[in-house]
**Q** 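Here it is: the structure, laid out below.
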Amino acid sequence: MNGSHIATVYLKELKDSLRDRRTLLSTIVIPTLVMPLLFFAFGSVMLKMDQQARAETPTVMIIAGEDSPAVLARLRADAKIRIVPTTADWRQRISDKKIRAAVEIPASFEAGLGRGAAPSVTIYNYSGEAKSRLGVEQLERIFRELREATVEARLGERGVPLALTKPFETKRENVAPAEKVGGNLIGGFIPYIIIILCFTGAMYPAMDLTAGEKERGTMETLLCSPVARVNIVLGKFLMVLTASIATMVLSLVSMSVTFVAGGSYFAAKAAAAKGAAAGAATGAMISMIDPVGVIGVFAMVLPVAVFFSAVIFTVALFAKSYKEAQSYVAPMIFVVLLPAMIGMAPGIELSGRLALVPILNLSLVCKEMLSGVWHWHYIALIFGSSCVYAAAALALAVKMFSRESVIFRA
Amino acid sequence: MIEARHLTKTFRDKKRGEIYAANDISFRVQPGQIYGLLGANGAGKTTTLRLLATLLKPTSGSAVIAGFDVAAEPEKVRAHVGFLAASTALYGRLTAREMITYFGQLNGLAGAEIKLRIQRLADALDMHEFLDRRCEKFSTGMKQKTSIARTLIHDPAVMIFDEPTLGLDVMTARAIVRFVRECRDRGKTVIYSTHVMGEVEKLCDTIGIIHDGRLLAEGTLAELRARYGEQDLEEVFVKAVGGEGKK
Ligand SMILES: Nc1ncnc2c1ncn2[C@@H]1O[C@H](COP(=O)(O)OP(=O)(O)OP(=O)(O)O)[C@@H](O)[C@H]1O
Ligand SMILES: [Mg+2]
């Protein structure tokens, strides 16, 4: 091994990659821009749809109820729904989203109320559809008000105090620290994103610096130099690692900025429109993440980035062309996604055995660290095992690079 | 100096089984001499030269280049060899100057020394006009000149050329041939592979005819002509490889 040779190779690869439009696009431009663009596009559409739905007064049909004129009048008088003339095909109309809901008032509903019977009102809706849900909410509100008024009236008749109907209350209170809440809510999601970014960031340069060089015929030129093979591999590998880490850091920074800035932007907009504030919730969640945990996550990710870079490098080395390398490397992303996804599932907790499963262990320990939990023995075990896997992968890359049957494949 | 001793290289191929790409090849080239390796497609020229440049390891046999054994000290061998082949391309996104500088650095030269040498090489090869342009936009001739400068930056004692005129026009090819001759005149040991008879006749001090991985005949042009009783090198070549029908 020779440090100055490694540095020479590394600096040349860095310069070369920075001039390559494809590398710049995949490691710098896309990771920086994709999150803000996605977030704002998605957020704007959601906000608009929500506002539209709220601005519209849900149309409702009333089925039967001719003998309950007071209820009908109450429904017709409500400003938040619009009653349309009843037609026979109301079911079809709900399905076709021509009207939002229909309400069926049983025969002699009002009369029954006076006698203390318990008739039931049926609300027909299109389950899972947001606009239909808004119609249902309004209908439920009207009938809830009606019920409360009825209860109050009956109690008044009998001279019973209103408090009798509510002998006690229940309420919830959160005891988890704020960062634990944030960690659990998006702590599963962040490691998942990091793992994917680490992998995709290493992918393009790993293929370009191996199969790409073979394809362009520069590999043989490079191998003519007196530099030992191991220094060439390490210089190239460091470039791949740099790209992997750069992609990850850039996307995380861009993601945080987007969430915080975009979160407050949408919160303000949503507040002006008095709607749901999904963005604000995410922004608040980010601020609930333990900042020390973030540093911990970076430290834990480092050996995994080395592992990914070395593995992709080795696999791409076998290919004779960039295209061939792509066909080998692209399916690997599923192998990576599976454990990362399992780690995101709620309820899976770190154990001695899971601490040795690559990728999954990272996902789990990051979740804990982000929520402020530090199980030092697990952290040591995971960091240690990740380093062992990374070293093994790197050794394999060096070994394969020295094999002429790999480099000069006919 | 180059000395090949019983160099043998076999490849495993799924369809063809074991291939002897180089089979028991022995020869010797002295400083100030050009050795021409003449052979048809697939004869084993590239394989033999790659063995000498330590890009491949011999299956058996050995070679000593500038005093170093190819198997024992491959890095030292490469430090004394300039290897130029049709398959050794340039980095398209680097300029000619950056490309040559990179190989100077890989050869352990200091920055000031590299600058000086590039200046001299650019003078000799008339490269100043495109020295700071990216290689990807070069014409074939400009690429070839840059490659030559790349092989010469560390002033190697041994030069290995694998069909360096392949795909070049007459003028560029002539320039290359002239340049190879200059290398010899400066006392370098040169080995040159080709299947073009004319180049061998003009250039080589000793000719080795290679076929199916075997070195079938060796000698000066005059010796070969006398041995096969033919004036035309092409006829000599056909007789040496055992007639036209045999492949
Ligand atoms: N890496 C390899 N794997 C398998 N077989 C190979 C490999 N390299 C060369 N060969 C085979 O070895 C034989 C000699 O090939 P080589 O490239 O040395 O010939 P050559 O004389 O340079 O031919 P050409 O004039 O076409 O360049 C051929 O049959 C070739 O198919
Ligand atoms: Mg060849």
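Below, read A as the first sequence line, B as the second, and so on, with proteins coming before strands; counting in each chain starts at 1.
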**Q** Would you mind telling me which of B/Arg117, B/Arg186, B/Lys188 makes a salt bridge (Lys or Arg N to Asp or Glu O under 4.0 Å) with B/Asp155?
**A** B/Lys188
**Q** Which atoms of B/Lys57 are under 4.5 Å from chain A, going by heavy atoms: the side chain, the backbone, both sets, or neither?
**A** both
**Q** Given heavy-atom pairs under 4.5 angstrom as the criterion, report whether the side chain, backbone, both or neither of B/Leu56 touches chain A.
**A** both
**Q** Given heavy-atom pairs under 4.5 angstrom as the criterion, report whether the side chain, backbone, both or neither of A/Ile407 touches chain B.
**A** neither
**Q** Test the A/Lys12-B/Tyr91 pair against the cation-pi criterion, namely NZ or CZ under 6.0 angstrom from the six-membered ring centroid and within 45° of the ring axis.
**A** yes
**Q** Looking at A/Ser244 and A/Cys198, what are the two nearest heavy atoms and their distance?
**A** OG-O, 2.9 Å
**Q** Under 4.5 Å heavy-atom distance to chain B, tell me which part of A/Glu220 shows up: side chain, backbone, both or neither.
**A** both
**Q** Between atom CZ of B/Phe11 and atom OG1 of B/Thr59, what is the distance when rounded to the nearest 0.5 Å?
**A**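 Answer for the CZ-OG1 pair, B/Phe11 versus B/Thr59, is 7.5 Å.
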**Q** Where on B/Ala53 is there a heavy atom nearer than 4.5 Å to chain A: the side chain, the backbone, both, or neither?
**A** neither
**Q** Looking at A/Ile232, A/Thr8, A/Leu11, A/Asn231, which makes the most heavy-atom pairs under 4.5 Å with chain B?
**A** A/Thr8
**Q** Would you please indicate yes or no on a ring centroid separation below 6.0 angstrom for B/Tyr35 and B/Phe27?
**A** yes
**Q** Is there a donor-acceptor pair under 3.5 Å between the side chain of A/Thr27 and the backbone N or O of A/Thr247?
**A**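 Judged by distance alone, no pair lies under 3.5 Å.
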**Q** Select one option (side chain, backbone, both, neither) describing which atoms of B/Arg150 are under 4.5 Å from chain A's heavy atoms.
**A** side chain
**Q** Select one option (side chain, backbone, both, neither) describing which atoms of A/Asp20 are under 4.5 Å from chain B's heavy atoms.
**A**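 Contact with chain B involves both backbone and side-chain atoms of A/Asp20.
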